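The block underneath contains the structure these notes are about, expressed in C-alpha cells.
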Amino acid sequence: MLTLYHHPRTRSSRFLFLLEELGAPYEIHRIANIRRPYGSGAVDPENRHPHGKSPALKDGDVLVLESSALALYLTDKFTQNGIGPVVGDSHRGAYVSWLAYYAGVMEPAWMSAYMKWEVPRGTAGWVKTDEVMAFVNSTLEKSPFILGEKFSAVDILVATTFKMFLGSPILERTPLLESYVNRVTARPAFARAQARENG
C-alpha cells in the first residue's frame, strides 16, 4: 500500500489526481502542519519529508520525494494505462525531459517572477517565464497535450500549476492555456481527487 503524505491545497494535491488516474491503491496521511510562506506554521514530526514539505510518498520501505520524482516513480510502477512512457517507448525521452524541465526550469522561473528576482541568465539553469511560456505555448499549439496526442503525468504537473496561477500577474490567461487546463481537469480522475482532497 502506498502512503501519500499530503497537506490540502499544496503540491501534493496533484498526486491525488495522479494516483486516481493510475488506479493505484493508496492511503492518505494528512500532514497536520507545514511551514507557511511568511514564517507561520511548523514541521509535522510525522511528515516523512526531511524539510517538512508536501508531498512525500512511502511505498513499503521506499521513500520518494519531489514532484517530478514521484511522477516518474508512480508511472514506472503502474504502467497499465500508459500515462508515463516506459523505457523503450519513443516518447520516453520527451517524458523525462519535461519532468526535469518542470522541476529545474519552470518552477524556478515562477519563483523568480513571484519574488521579483532577476534571473542570472548566464549562470542560472533556468530562464525567465516569458521564455518558458514561449516553449510551452509552441508545444501546445501543435498538440492537445505536452507529449502530443496522449495525456501523460507531465500534464498533471503542468496543468494543475497553470490552474493555480492562470490570470494572475505571473501567468496570462489565454484561450490556449485555458483550453489546455480545462482539458486536463475535465478528466474523471481529477474530480475523484478533488473529492478526496475535500472529503
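Everything numeric here is computed off the predicted structure, so don't read it as measured data.
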With no hydrogens and no angle check, is any side-chain donor or acceptor of [X] less than 3.5 Å from a backbone partner on [Y]?
{"X": "Arg11", "Y": "Ser67", "value": "no"}
{"X": "Asn137", "Y": "Ala134", "value": "no"}
{"X": "Arg14", "Y": "Thr160", "value": "no"}
{"X": "Ser12", "Y": "Pro55", "value": "no"}
{"X": "Glu178", "Y": "Arg173", "value": "no"}

key: Candidate pair Phe135 and Trp98, rule ring pair (Phe, Tyr, Trp, His ring centres under 6.0 Å), full reasoning   = CA-CA 11 Å; Phe135 180 44; Trp98 274 99; 4.8 Å; yes
I need the minimum non-hydrogen distance between [X] and [Y], along with the two atoms involved.
{"X": "Ala109", "Y": "Trp126", "value": "N-CD1, 3.8 Å"}
{"X": "Leu63", "Y": "Ala56", "value": "CD1-CB, 4.3 Å"}
{"X": "Glu197", "Y": "Ser13", "value": "OE1-OG, 2.6 Å"}
{"X": "Thr75", "Y": "Gly84", "value": "CB-CA, 3.6 Å"}
{"X": "Pro108", "Y": "Ala103", "value": "CD-O, 3.3 Å"}
{"X": "Glu21", "Y": "Ala189", "value": "OE1-CB, 3.2 Å"}

key: Side-chain ion pair, Asp76 and Arg92, N-O less than 4.0 Å   =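 Arg92 and Asp76: salt-bridged.
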query = Are Glu118 and Lys128 ion-paired here, with the side-chain N under 4.0 Å from a carboxylate O?
reply = yes
Is the shortest side-chain heavy-atom distance between [X] and [Y] below 4.5 Å?
{"X": "Leu171", "Y": "Met133", "value": "yes"}
{"X": "Ile31", "Y": "Thr10", "value": "no"}
{"X": "Leu2", "Y": "Leu74", "value": "yes"}
{"X": "Pro188", "Y": "Glu20", "value": "no"}
{"X": "Thr185", "Y": "Lys163", "value": "yes"}
{"X": "Tyr95", "Y": "Val154", "value": "yes"}
{"X": "Phe151", "Y": "Ile156", "value": "yes"}
{"X": "Lys58", "Y": "Tyr5", "value": "yes"}

Point-to-point distance, once rounded to the nearest 0.5 Å, from [atom1] of [X] to [atom2] of [Y]:
{"X": "Tyr102", "Y": "Leu157", "atom1": "OH", "atom2": "CG", "result": "5.5 Å"}
{"X": "Glu66", "Y": "Leu99", "atom1": "CD", "atom2": "CG", "result": "13.0 Å"}
{"X": "Tyr180", "Y": "Leu166", "atom1": "OH", "atom2": "CG", "result": "12.0 Å"}
{"X": "His7", "Y": "Arg30", "atom1": "NE2", "atom2": "CZ", "result": "9.5 Å"}
{"X": "Lys77", "Y": "Leu22", "atom1": "NZ", "atom2": "CG", "result": "11.5 Å"}
{"X": "Tyr114", "Y": "Phe165", "atom1": "OH", "atom2": "CZ", "result": "8.0 Å"}

request  = Decide yes or no on side chain to side chain contact (heavy atoms under 4.5 Å, CB included) for Asp155 and Ile83, but give the supporting numbers first.
outcome  = CA-CA 9 Å; Asp155 296 301; Ile83 66 167; over 6 Å; no
Do you reckon [X] sits in the same ILVMFWY cluster as [Y], going by side-chain contacts under 4.5 Å, direct or chained?
{"X": "Leu176", "Y": "Met106", "result": "yes"}
{"X": "Val64", "Y": "Leu16", "result": "yes"}
{"X": "Met1", "Y": "Phe78", "result": "no"}

message = Could you go through Ser143 and Glu149, starting from their C-alpha distance and side-chain angles, then the distance that decides it, and tell me whether this counts as side chain to side chain donor-acceptor pair (under 3.5 Å)?
response = CA-CA 6 Å; Ser143 57; Glu149 296 298 317; 5.5 Å; no
inquiry  = Does either side chain, that of Asp59 or that of Tyr73, offer a donor lying less than 3.5 Å from an acceptor on the other one?
reply    =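 Short answer, yes.
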message = Does Val127 form a side chain to side chain contact (heavy atoms under 4.5 Å, CB included) with Val105? I'd like the steps, not just the answer.
response = CA-CA 7 Å; Val127 295; Val105 179; 4.1 Å; yes
inquiry  = Are there over 12 heavy-atom neighbours, none belonging to Glu172, within less than 6.0 Å of that residue's CD?
reply    = no
ask   = What's the verdict on side chain to side chain contact (heavy atoms under 4.5 Å, CB included) for Met164 and Trp110, showing C-alpha distance, side-chain angles and the deciding distance?
value = CA-CA 12 Å; Met164 282 190 297; Trp110 302 132; over 6 Å; no
